[in-house]
Amino acid sequence: MATRTIAGKTVQVNDEGFMTNPAEWTKEIADELAKEEGIDCLTDAHWKVIEFSRVSAKDSGKAPTLRTITTGAGVSTKELFQLFPKGPAKKVARIAGLGKPEGCV
Amino acid sequence: MKKLVILGAGTAGTMVANRLVRTLKMDKWQITMVDKDPVHYYQPGWLFVPFGIYEKKDCFKPKSKYIPSQVKMLQADIQCVEPENNRVILADRTVLEYDYLIVATGADIYPDETPGLNEGEWGKSIHTFYSMNGAVALADKLRNWNGGRLVVNVVENPIKCPVAPLEFLMLADWFFHKRGIRDRVELIYATPLPGAFTKPIANKKLSYLLEKKNIIVEPEFMIERADPDAKKIVSYDEREVEYDLLVSVPLNKGADYIGRSGLGDELNYVPVNKHTLLSNKFSNIFVLGDASNIPASKAGSVAHYAIDLFGENFLRHLEGKEMHEEFDGHANCFVESGFGKGLLIDFNYTVEPLPGRFPVPGIGPMKLLEESRLNHLGKLGFRWMYWNILMRGQSMPLPATMSMAGKWKE
């Protein structure tokens with residue numbers, strides 16, 4: 001397993017740059033990963049989604065689906081695509097330090 | 001008499017009922033099952049129907065044939081469960097009281113949840129193989145179709161049998177070759193996931209299959225609506241994919257009564273402990289099969305392995321003992337890849353599908369994560385095992401939890 005240093009902290013990541021241990025995540029890491037995803041500034045609306053996703057993943061053991069996020073965090077799918085353009089499920093998972101959304105194969 | 005109510009007499013409900021009449025002292029238990037549909041569908045068979053490999057008659061049997069005689073079977077719609085009062089209310093207002101409840105009403109498709117899908121073109125240029133009638137209608141369509149762009153779209157995950165859309169595409173490639181019109185057909189897979197294969201080793205080992213078969217993947221496609229007049233699907237980020245024939249895997253959800261009863265999550269799946277299948281909220285409700293929110297594939301295989309472990313755990317629970325937190329999300333699935341071949345995958349909550357040999361380590365005869373003719377024959381032979389072994393509540397000679405023996409990491 002590879003590691004990399006993000007916002008001054010060394011964390012475990014997979015080949016695609018997704019963190020593999022959610023416990024190593026910090027808000028500073030989220031800021032930096034968001035920039036890499038083309039989001040310069042995380043607003044309150046972003047944080048609401050990120051924080052909900054972290055709680056959801058803690059319960060379920062996996063990154064939430066879009067519907068879980070829209071229902072649970074109270075944002076519409078359209079808004080979610082505006083906040084995290086082009087692939088919000090994957091972007092939210094990466095910024096929130098959760099694994100990539102996966103299928104069974 | 002203790003009362004056990006089982007909601008749903010499909011794959012999971014039937015298996016568990018047949019197990020429990022043998023493990024419980026039946027002079028002390030009254031078991032009642034409820035299901036609105038008298039027909040038991042062999043759902044894995046639906047994949048084969050559009051291509052003429054199976055017909056409708058190969059995919060169903062009467063439920064009554066598989067319900068143990070000691071169990072009282074009610075054919076009825078469920079209005080709701082009142083978990084605080086330990087009772088189930090049926091649509092005709094019949095009240096069933098229970099000491100223990102098993103929810104096994106699975107998941108079903110909800111095409112109405114996506115605008116444009118279930119309108120004038122449903123059954124014409126928009127089809128599905130995720131229902132018996134849908135699979136039959138699609139078979140009629142494919143038999144005389146002259147070619148064009150065939151788009152398979154998964155609306156949203158989780159879905160039942162997550163590999164089925166890929167199998168459909170690989171079988172379609174074979175089917176159109178056989179019909180001599182493959183050069184006139186484009187095959188496109190629009191999926192909300194980041195790719196057709198998302199697990200690293202499967203991605204490395206299997207991506208060649210899609211390249212070889214010229215199946216184009218449109219990843220991270222989250223459908224907002226279908227436009228049946230313009231024959232295109234539109235995503236939330238305003239990408240458009242045109243089709244001549246759309247094969248949709250509509251939104252999958254748990255049963256509506258789960259929502260009405262306040263038992264479910266946003267998709268009407270019941271939150272449970274993923275190792276014991278006990279409801280997070282109620283200590284006398286278990287959820288088996290697709291109806292729960294466990295992060296495993298929604299598949300009969302998962303239900304089967306979970307129920308292998310459930311029997312003893314249920315007895316422990318009845319005696320007030322701690323349950324073994326054993327279930328690991330184990331699934332074992334044949335994957336059709338077309339031209340008389342198939343793959344086999346074996347995995348659980350934490351271990352992705354790996355190459356290897358199965359079930360005997362080093363020997364097989366089945367190959368994991370690799371195409372072979374035997375895997376295809378295994379898939380066809382499985383139908384017999386489903387009806388005669390699994391639905392009779394017999395065990396397969398396979399361990400319930402996943403084994404690393406016989407697997408290797410590249």
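All figures in this text were calculated on a predicted structure; none of them were measured in a lab. Chain letters run A, B, ... following the sequence lines, proteins first and then strands; every chain starts at 1.
B:F358 pairs by the ring pair (Phe, Tyr, Trp, His ring centres under 6.0 Å) definition with nothing, not counting sequence neighbours. With sequence neighbours excluded, no residue forms a side chain to side chain donor-acceptor pair (under 3.5 Å) with A:K48. Legend: residues meeting side-chain contact (heavy atoms from CB on, under 4.5 Å) with A:A30, ordered by chain and number and at least two apart, are A:W25, A:L42, A:W47, A:I95.
Here the closest non-hydrogen pair linking A:C104 and B:I345 is SG-CD1, 4.4 Å.
Proximity to chain A is limited to the side chain of B:L267, based on heavy atoms less than 4.5 angstrom apart. Interface remark: B:L251 contributes side-chain atoms only to the contact with chain A (heavy atom separation under 4.5 Å). Contacts of B:F347 with chain A are made by side-chain atoms alone, with heavy-atom separations under 4.5 Å and no backbone atom involved. Interface remark: B:A196 contributes backbone atoms only to the contact with chain A (heavy atom separation under 4.5 Å).
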Can you list every donor-acceptor pair under 3.5 Å that links chain A to chain B?
{"residue": "A:R67", "atom": "NE", "partner": "B:E156", "partner atom": "OE1", "Å": "3.4"}
{"residue": "A:R67", "atom": "NE", "partner": "B:E156", "partner atom": "OE2", "Å": "2.9"}
{"residue": "A:R67", "atom": "NH2", "partner": "B:E156", "partner atom": "OE1", "Å": "3.4"}
{"residue": "A:T68", "atom": "OG1", "partner": "B:E266", "partner atom": "OE2", "Å": "2.7"}
{"residue": "A:K78", "atom": "NZ", "partner": "B:Y236", "partner atom": "O", "Å": "3.4"}
{"residue": "A:K78", "atom": "NZ", "partner": "B:E238", "partner atom": "OE2", "Å": "3.3"}
{"residue": "A:K90", "atom": "NZ", "partner": "B:E220", "partner atom": "OE2", "Å": "3.2"}
{"residue": "A:E102", "atom": "OE1", "partner": "B:K199", "partner atom": "NZ", "Å": "2.9"}
{"residue": "A:G103", "atom": "N", "partner": "B:T198", "partner atom": "OG1", "Å": "2.7"}
{"residue": "A:V105", "atom": "O", "partner": "B:T198", "partner atom": "N", "Å": "2.8"}
{"residue": "A:V105", "atom": "O", "partner": "B:T198", "partner atom": "OG1", "Å": "3.2"}
{"residue": "A:V105", "atom": "O", "partner": "B:K199", "partner atom": "N", "Å": "3.4"}

